[in-house]
Amino acid sequence: MAENHVILTTGLHNRYWILDVQEVHGARGSAEKHLTITASKTSHPTEICILKDGWESTPVSTGDVVHLEGQCVSGTWLIDRESGFLVLLPDVLISGTSIASGIRCMRRAVLGEMFKRFDGGSKQMLNGTIVHEIFQKAAMSGDFSMERLQLLANQALLSPNYLGDMYTLKLTQEDMKQEIWEYLPALTDWARDYLHTSPQAGKKLLTLKFIAVTDFVDIEENIWSPRFGLKGKIDVTAGVRIHRKGRPPLNRVMPLELKTGKESNSIEHRSQVILYTLMSLERRSDAEAGFLLYLKTGNLHPIVGNHMDRRELLKLRNTLAHHIGNSMEKEGKTRMAPLPGIITDRQACKWCPQIRNCALYDRAPDYYSSESQQLLVQQESEHLTEAHLLYFSHWLLLCALETHTMERKGGRHNIWLQSAQEREKSGGCMGNMQLIGPVKNQSDGVYIHRFERRRGGEQGVTGLIVGDRVVVSDQDLQLIGVAAGYVTDVSSTAVSCSLDRDLSKCSSDVVFRLDQDEGVMGLSTHLVNLSKMMERSPPSERLRELIVDFHPPQFIDNLSSVLPREAKDTVANILKGLNKPQKQAMKKVLLSKDYTLIVGMPGTGKTTTICTLVRILHACGFSVLLTSYTHSAVDNILLKLRRFKVGFLRLGRAQKVHPDILAYTEEKCRANGIHTLPELENLYNKELVVATTCMGVKHPIFSRRRFDFCIVDEASQISQPVCLGPLFYAQRFVLVGDHQQLPPIVQNTEARLLGMDESLFKRLERKSEAVVQLNVQYRMNSKIMSLSNTLMYGGRLECGSERTASAMLALPSQGSVQRQLELSLGRPEDLAWVQAALEPLNPVCFLDTTQAGCRASDIGVIAPYRQQLKVISGLLAGPAFSTVEVNTVDKYQGRDKSVIIVSFVRSHPEGNLGELLKDWRRLNVAITRAKHKLLMVGSAPTLRRYAPLEKLLNHLTQESMISFTLPRLLSC
DNA sequence: ACATTCACTAATGGG
C-alpha cells in the first residue's frame, strides 16, 4: 500500500507506484526488467511494464514512483528502443543544464544539485549573462539596430545586479563594456540574416533549407515539466518558418539557445536544446528541433533530437533523479547513499567546481568511498583530519534528513499533484482566479497583475499574505509555473502581485491558481557553509580549530592594547549606563582573540547590551558585522542603534526590512544615485557597521570585505551550519543567546535525535572561559522569576532593582469587580477567575482584568499550538480585545507583557503526548514573558505527564500558587 | 502529533 504522501494517477500526467521489480532474460538472452505497477493506492488493479534495450539499467526499485510515456496494450507497457519513456521520480524536476553537466561526470551533476556554489563566477559568465539580456530585450522590441543594442548595453552596465558582480570580480565598467561591445555586430548581422516577417526572406543553412525567424513567442520562458521530470528556462522561444523545396513552407515554434562562448557545438550544448524541445511539449505541439545560436560568430546550428537522443538524455536524467531522490539509505542506521563514481578524466577534474565536495564525500567516515586513486581529488582533502571529515559528514547527513522531511511536507509538486481546491484547505494557495484589468509594467522585468476570484466556486479566506513569494499556474496544467513573483496586496476575493513576466497575452478564459512558493532552496545555504568550512583557507582552518577541534579561545590580558587612547573617554561614558554583568560582557569581548558567548537570560537586556557593544566597538574604530537569523531581530538592534551617532549599512530585501530602517538599506542608498563601480565600492566600504541576516552572506560585499568583529544575535536559535555563514568574514565573533530558551526547529525526528537542534552557541558553551552571563533582569517580579529560577537557572537569575522585584499589576477598578463577582457568585472562595477555571477557553477571564482597568495591549495570550490560537482569537473578536496579542510561544521569544496568560491546551490524561510540551526550553520561554502577572491555564493531571511541567507544578504546589485542590487553573 | 525563518532562480562559460 502506497504511503499517505504518495499521489497516484492515470492519464497524461500518470504516476505509477512500483510494487515489484523482476530481472528476467528475454529473447536471445537479452536482459529485461519487468515491473509490477499500480496507479491506485489500494494496489489494485496492477499493470506490467517491460523495460528493455537499455532501459533495464534504469535504477528503479520497489516503492519508487514513475511516470510512463507511450502506450499501454491490455495492461502492459513496453518501453524499448523505438517507443515509450520511463521517467523515474518524475516530481524531482531536473534542470537542462544539470543533465548536460552529467554527461561528462554524473558525480559532479549530483553534487551540483546538493551544493549550489556561490563563487561569483567569472568575467566570461557575467559577459554571457549580459549579452543574453541584450539579445532578449532587443528581441522583445523587435529592434536589433546598432543604436538600440548600444543603448541596451549601456543600460545593462549600470544595472545594480551586474554592478555587484563586477565588484566581486574586481572588473571595471570599462572592461565589461569592451567585452560586450565585441558581440553587438554579430547580433545585428544575425537579425539582418534571419529575422524576417516577410514570407520569402531567410537564410540558407548548411542543411540546404532556408530558415527565417518570424516572431518571438516568449523570452526566458519558464517550464516545469512533471511529465518528463525536467525544468528549465528557454532563452528564446521563436516562431520559425522553414522553406522547403517544392513544398509549402513549414511554421514551427522552436527553442533557440544562445551561447556567448566558443562555437563548440558540443554534446552538452546540443543536449540542452534537445531537452528544451522535450520540455516545450508541456506548452505546445512537438517542435522536433531547436537552434543553437553562437553569438561570437553569429552562426545558427539546427539541432534535431530524434527518439534515440531523447531516450538517452532521459536515461541520464533518471540516474540523476535516482541519486537526488535517494540521497540516503537505511539499513538499521541511516547513512548517505553512494554517489556515482569518480571519473578518470583528470582534465575535467582540474576545472570542476565540485572537486572539494567530491573529495569530502569520498573520504567522509561511514560513507562509500569510490576507491578511486585520482590524485587531484585526493589532494583536495589532504589538509583535513578525521575529526573534520566526521563533522562534515555528520552535518551533511542531518541536513539530508531534514531536507527529506521538508520536501515531503510541502514541495512544489503540490502545484501539479493537488487540485487548487485541495491545496487551499492546507493554505498557501488561491485557485479559481481570473486575470483582471491591464498589466502594469512597474519596472525592468516587473509586471503588476491583479487576479480576482471567478464567480461561483470556493470563496473564503486565503492562505496568502503580502510579501509571500508565489508561483502562477493555470488549473488545467497547461501553464505550470508560468510566472513567479511576490504578493503585493490581498483580500478574500482578489490578489495583486508583481510577477517576472507579462501574462496579458494569455487567453482571457484561463483559470489561474496562485501557490505560495516555499522555495526549492532546501538547506543549500547550510551545505555551502559546511563545505566552505572544509576549504583550504586561513579563515576556514581557524574556524575548524575553534569549532570542530575545540581549541581553547584565547584572550589578551590588558584592555589598554585594544582601546585607542582617544576612545577611552567615550567608552567609559558609554559603559556608565550598564550593570555589572553587562560591563563584564563588554570587557570580555574587547579582550577576546577568538570568540565570546553572551548568555542573556530572560529580561536581562540583550538588545541593549548588543547595541552598547556595537557603540563601543564603533568608538574604538573596529568594523562590525551585525547579524541574526531573522530580519526583525537585526532591525530591533538597529532601531536602538540609530538613536546614537553610529552609522551603518543594512543589507537585505527592502520588502523585509523595518520601515524605519529602510533609509539605511543598500537599495535606498543606490536609488539615491549610484551608477558607477567606484560609487558602489564607496557605499560598501563607508560604514564600520554592516547588518544583515545570516542567510544574507551571499551578498557581493562579502567577496571582498572583512570585519574585526561579527555579532550574531539569537544565536541559540540558529542552526549550526547557518550560524557559520557570517563567521568566515570576521576576525572574532560574539554569539548572543540563551540555550535555556528555544533551540533551532528541526522537523525530522531522527535528525533532532542525532543532534541537529544543537546550535553553535550550545556547542561552544562548553568552553566556559568564553562565556559571560547576563543574569540581572528587569522584566519579571520576584514571584514570576522564581518559577524560571527553579526550573532552569538554578537560582542564578536576579532582579535588577527592588522596583522590578515588587512590581505588581495595577487594577484601578478591582474593588468594584470584586463586589460584582461576590454578588453574582455568592461563594467567596469562587472569586475572580472561577469562570475561567470551569471553561479554559472562555474569554471571561480576560474580561475580568479588562474591566478591572488593565489595558488590553498590556495583555498577552500564549499557547503552544496554532489551532488553539485561532480559537482564542475567535473568542476575543470584540473591539475591546483587539489589542490583546494572541501568539505562539515561539513568536513570543524575546518579548514581554505586563500580564501573560498561558494556555497549555492539552487535557487528556491518557492520550498521546505531544513533542512540544516536552521541551523544557519552550516552557521556560512561556513563563518568563510576564512582568507583573502570569496566569496559567491547564489540566494538571494531564500536564504532570510532561517532565518539565511536573517540576513546575511541584514548585507551584510547594509555594501554594495553585488555586484549586483539583486544579484546572493555576495562578501566581 | 504540527513549532518556523530564510530564500530570486536556472543558466552564465572554461577547458
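Quick note on labels: first sequence line is chain A, next is B, and so on, each numbered from 1.
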Counting the atoms with a prime plus P, OP1 and OP2 as sugar-phosphate, which does [X] contact under 4.0 Å by heavy atoms, base, sugar-phosphate, or nothing?
X: A:E714; result: nothing
X: A:D919; result: nothing
X: A:A348; result: base
X: A:L93; result: nothing
X: A:G485; result: nothing
X: A:S122; result: nothing
X: A:K350; result: nothing
X: A:E220; result: nothing

A:R895 side chain near A:E885 side chain, heavy-atom distance below 4.5 Å: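 The answer is yes; the side chains approach within 4.5 Å.
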With a 4.0 Å cut-off on N to O distance, would you call [X] and [Y] a salt bridge?
X: A:K762; Y: A:E758; answer: no
X: A:R104; Y: A:E268; answer: yes
X: A:E667; Y: A:R653; answer: no
X: A:D757; Y: A:R921; answer: yes

Please determine whether a side-chain nitrogen or oxygen atom of [X] lies at a distance below 4.0 Å from atom OP1 or OP2 of [N].
X: A:Y276; N: B:dA11; result: yes
X: A:T693; N: B:dA7; result: yes
X: A:Q136; N: B:dT12; result: no
X: A:K891; N: B:dT5; result: yes

From [options], nucleotide with atom closest to [X] side chain:
X: A:Q347; options: B:dC6, B:dA3, B:dG15; answer: B:dG15
X: A:W351; options: B:dG14, B:dC6, B:dA10; answer: B:dG14
X: A:H631; options: B:dA3, B:dT12, B:dC6; answer: B:dC6
X: A:Y629; options: B:dT4, B:dT5, B:dC6; answer: B:dT5
X: A:T630; options: B:dG14, B:dT5, B:dC2; answer: B:dT5
X: A:I745; options: B:dG15, B:dT4, B:dT12; answer: B:dT4
X: A:R469; options: B:dA10, B:dC8, B:dC6; answer: B:dC8
X: A:S95; options: B:dC2, B:dC6, B:dA10; answer: B:dA10
X: A:E257; options: B:dT4, B:dT12, B:dC2; answer: B:dT12
X: A:T888; options: B:dT4, B:dA11, B:dG14; answer: B:dT4

Could you state the [atom1]-[atom2] distance from [X] to [N], rounded to the nearest angstrom?
X: A:D345; N: B:dG14; atom1: CG; atom2: C1'; answer: 14 Å
X: A:Q272; N: B:dA11; atom1: CD; atom2: C1'; answer: 7 Å
X: A:Y865; N: B:dA1; atom1: OH; atom2: P; answer: 10 Å
X: A:I267; N: B:dG14; atom1: CD1; atom2: C1'; answer: 18 Å
X: A:I324; N: B:dA10; atom1: CD1; atom2: C1'; answer: 14 Å
X: A:Q893; N: B:dT5; atom1: CD; atom2: C1'; answer: 13 Å
X: A:L169; N: B:dG14; atom1: CG; atom2: P; answer: 14 Å
X: A:Q516; N: B:dC6; atom1: CD; atom2: C1'; answer: 13 Å

Upstream residue (5' side of DNA chain B) when A:N161 and A:K259 are each assigned their closest nucleotide: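 So the residue in question is A:N161.
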Residue whose nearest DNA chain B nucleotide is more 5′ - A:T97 or A:Y183: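 So the residue in question is A:T97.
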A:Y183 (side chain) donor-acceptor with A:G128 (main chain) under 3.5 angstrom: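 No.
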Integer angstrom distance from the P of B:dC8 to that of B:dT4: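 Between the two P atoms, the distance is 22 Å.
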Pair A:H301 + A:F291: ring centers closer than 6.0 Å: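 Ring centres of A:F291 and A:H301 not closer than 6.0 Å.
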